[in-house]
Amino acid sequence: MSKKENVCCVIVTYNGTDNVEKQVREYSEISKLIIIDNGSKVDYVSFLESLVTKYDFKLVLNGKNLGLSRALNQGLEYAYSNGCKYLLTLDQDSFLENSNLEKMISELESDCKLASVGPYFKQQNETQYVNYLITSGNLVLTDIIKNIGGYDEELFIDNIDIELSFRLIVNGYKLAQVKNTQIIHKIGEPEKSRIFRIKYYSHSPERFYWMYRNERYLIRKYYHSLKKLCIKSYFASVLMVLKVIFIERYKLAKLKKIFKGWKDGKRIKI
């Protein structure tokens, strides 16, 4: 059996694009594949259903948006129940060639403390240990993620990947970006500052709410065990606020959501 056949690939969709078909073609024949849709509009659901008639994969329609973390846990349960050793998580708007998988699996098997590996955004010629990996393109050991409790469903969207990375570190595991791998990944919406004419990537005010709500939750949850990482994360969030104030559009709407998210993050039970 090819190592790739021991992989379960999960893609979570929500009113996505036809980029998903490219990923389905890439993974439906070499691994178990599950697409979990979080309440997309009728047209997109119809598109996903049309893919099922052409490719071999499981489609789960949640009917409503249960959150990214809940959908990822559905994928984790599917991988676990089907005896898949590895779980690969992909966003609906990214793309990872399956040729990266062998390299990532080999790296994961090279160190018993490695539980999570991912690709680079631009290829590098050396593997390096890191403090966190993004969800898209993340290859994890199914049993370990299952044993530490899966994906944190307090985080509806955003920071799910950071929380999982921190929890793995606290439990004594390591994470790494693997040499000679690359993912194509979309980071927010491209915009240009009206005053400074600076190009940047941004998010909607609602997305800023979740970012800062969950940021505060993470800091509260891990400050005593991962103080340096939490302080670093806090200052990164401060810089993001300054970016909103001086560069981004819709400043007031975004700042209001940031304030509300930060306030609500204090109320989440740890």
Side-chain angles (χ1 to χ4, degrees), residues 2-40 44-45 47-49 51-52 55-98 100-101 104-105 108 115-119 133-153 155-165 167-168 175 181 183-186:
S2 165
K3 291 180 180 179
K4 293 179 183 179
E5 293 176 12
N6 222 348
V7 174
C8 176
C9 176
V10 56
I11 304 169
V12 180
T13 58
Y14 178 70
N15 296 323
T17 67
D18 58 6
N19 176 69
V20 167
E21 184 168 5
K22 186 178 179 183
Q23 295 189 123
V24 170
R25 283 198 303 267
E26 194 75 4
Y27 289 98
S28 60
E29 292 185 1
I30 66 161
S31 68
K32 284 200 174 296
L33 173 64
I34 179 170
I35 292 181
I36 299 165
D37 185 76
N38 255 340
S40 292
Y44 196 71
V45 170
F47 165 70
L48 294 176
E49 289 174 334
L51 294 183
V52 176
Y55 304 100
D56 180 21
F57 71 95
K58 181 176 179 62
L59 176 63
V60 174
L61 301 174
N62 283 334
K64 63 180 180 178
N65 194 346
L66 301 179
L68 178 59
S69 49
R70 176 63 189 132
L72 288 171
N73 277 330
Q74 288 176 276
L76 175 62
E77 289 298 329
Y78 180 75
Y80 186 77
S81 63
N82 281 277
C84 296
K85 185 176 181 180
Y86 311 102
L87 177 69
L88 174 69
T89 54
L90 289 171
D91 287 351
Q92 62 186 8
D93 53 5
S94 10
F95 182 71
L96 180 74
E97 289 186 0
N98 74 60
N100 292 279
L101 273 185
M104 292 164 66
I105 291 171
L108 203 51
S116 174
V117 296
L133 293 166
I134 66 168
T135 300
S136 195
N138 188 202
L139 184 73
V140 297
L141 287 164
T142 305
D143 283 351
I144 289 177
I145 303 304
K146 176 78 173 172
N147 289 341
I148 67 169
Y151 297 88
D152 190 338
E153 294 187 20
L155 309 179
F156 185 82
I157 189 172
D158 271 305
N159 287 301
I160 296 165
D161 42 12
I162 299 177
E163 194 284 328
L164 180 67
S165 299
R167 189 150 31 103
L168 284 169
L175 306 86
T181 61
I183 188 171
I184 299 170
H185 182 64
K186 184 179 179 182

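The model shown is predicted, which means the values in this text are computed figures rather than measured ones. Position 1 is the first residue of the sequence, and the numbers go up from there.
- Between the side chain of Glu26 and the backbone N or O of Glu97 there is no donor-acceptor pair closer than 3.5 Å.
- Side-chain atoms of Asp91 never come within 3.5 Å of backbone atoms of Ser94 as a donor-acceptor pair (strictly under, hydrogens ignored).
- Between Leu175 and Ser165 the shortest heavy-atom distance is CD2-OG, 3.4 Å.
- Of all heavy-atom pairs spanning Ile183 and Phe95, the tightest one is CG1-O, 3.4 Å.
- Using a distance-only test at 3.5 Å, with no hydrogens or angles considered, no donor-acceptor pair links the side chain of Ser69 to the main chain of Tyr151.
- Judged purely by atom type and a 3.5 angstrom limit, Asn62 has no side-chain atom pairing as donor or acceptor with the backbone of Gly39.
- Without hydrogens or angle criteria, Thr181 side chain to Asn100 main chain gives no donor-acceptor distance under 3.5 Å.
- With values rounded to the nearest 0.5 angstrom, Leu155 atom CG is found 11.0 Å from Leu72 atom CG.
- Residues Val140 and Tyr86 are not in side-chain contact: their nearest non-hydrogen atoms beyond the backbone lie 4.5 Å or more apart.
- Among all heavy-atom pairs drawn from Gly75 and Ile34, the shortest one is CA-CG2, 4.4 Å.
- When side chains are defined from C-beta on, Ile160 does not count as touching Asp152, because their heavy atoms never get closer than 4.5 Å.
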Q: Could you please spell out the steps behind the side-chain contact (heavy atoms from CB on, under 4.5 Å) verdict for Leu33 and Lys58?
A: CA-CA 6 Å; Leu33 173 64; Lys58 181 176 179 62; over 6 Å; no
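- Within the model, atoms CG of Asp18 and CD of Gln23 stand 11.5 Å from one another, a figure rounded to the nearest 0.5 Å.
- Panel note: side chain Gln92, backbone Val20; no donor-acceptor pair is recorded below 3.5 Å.
- Residues Phe57 and Ile11 have side chains not in contact (no heavy-atom distance under 4.5 Å, counting atoms from C-beta outward).
- Of the inter-residue distances, the one linking Lys22 atom NZ with Thr17 atom OG1 reads 10.5 Å to the nearest 0.5 angstrom.
- Cys84 SG to Asn6 CG: the interatomic distance, rounded to the nearest 0.5 Å, is 6.5 Å.
- Going from atom CG of Leu139 over to atom SG of Cys8 covers 11.0 Å, rounded to the nearest 0.5 Å.
- Using a 4.5 Å cut-off on side-chain heavy atoms (C-beta onward), Ile148 and Leu164 make contact.
- In this structure, the side chains of Ile145 and Leu87 stay at 4.5 Å or more apart for every pair of heavy atoms.
- At distances below 3.5 Å, not a single donor-acceptor pair connects side-chain atoms of Arg25 with backbone N or O atoms of Tyr55.
- Contact annotation: the side chain of Pro119 approaches that of Leu96 to within less than 4.5 Å [non-hydrogen atoms, C-beta and beyond].
- In this structure, the side chain of Asn138 does not engage the main chain of Gly118 through any donor-acceptor pair within 3.5 Å.
- Side-chain contact between Leu68 and Tyr14 is absent, with no heavy-atom pair separated by less than 4.5 Å.
- Under the 3.5 Å distance criterion, the side-chain polar atoms of Ser81 are matched with a main-chain donor or acceptor of Glu77.
- The line from CE of Met104 to CG of Asn98 is 11.5 Å long, rounded to the nearest 0.5 Å.
- By the 6.0 Å contact criterion, OH on Tyr80 is open, its count of non-hydrogen atoms from other residues, nucleotides or ligands being 12 or less.
- Summarising the geometry of Ser40 relative to Val45, their closest heavy-atom pair is O-CG2, 3.6 Å, with the distance given to 0.1 Å.
- The side-chain contact (heavy atoms from CB on, under 4.5 Å) with Leu61 is formed by just one residue from the set Asp37, Ile36, Ile35; it is Asp37.
- Summarising the local packing, CD of Glu29 is surrounded by 12 or fewer heavy atoms from other residues, nucleotides or ligands at distances under 6.0 Å.
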request  = Evaluate the criterion side chain to side chain donor-acceptor pair (under 3.5 Å) for residue pair Asp93 and Asn19; output intermediate values, then yes/no.
outcome  = CA-CA 6 Å; Asp93 53 5; Asn19 176 69; over 6 Å; no
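- For the pair Tyr27 and Val7, the minimum side-chain heavy-atom distance is 4.5 Å or more.
- Shortest non-hydrogen contact noted between Ser116 and Leu108 is N-CD1, 3.7 Å.
- For Leu76 against Gly150, the heavy-atom pair with the smallest separation is CD2-CA, 3.7 Å.
- Side chain of Thr89 to backbone of Val10: no donor-acceptor contact under 3.5 angstrom is found.
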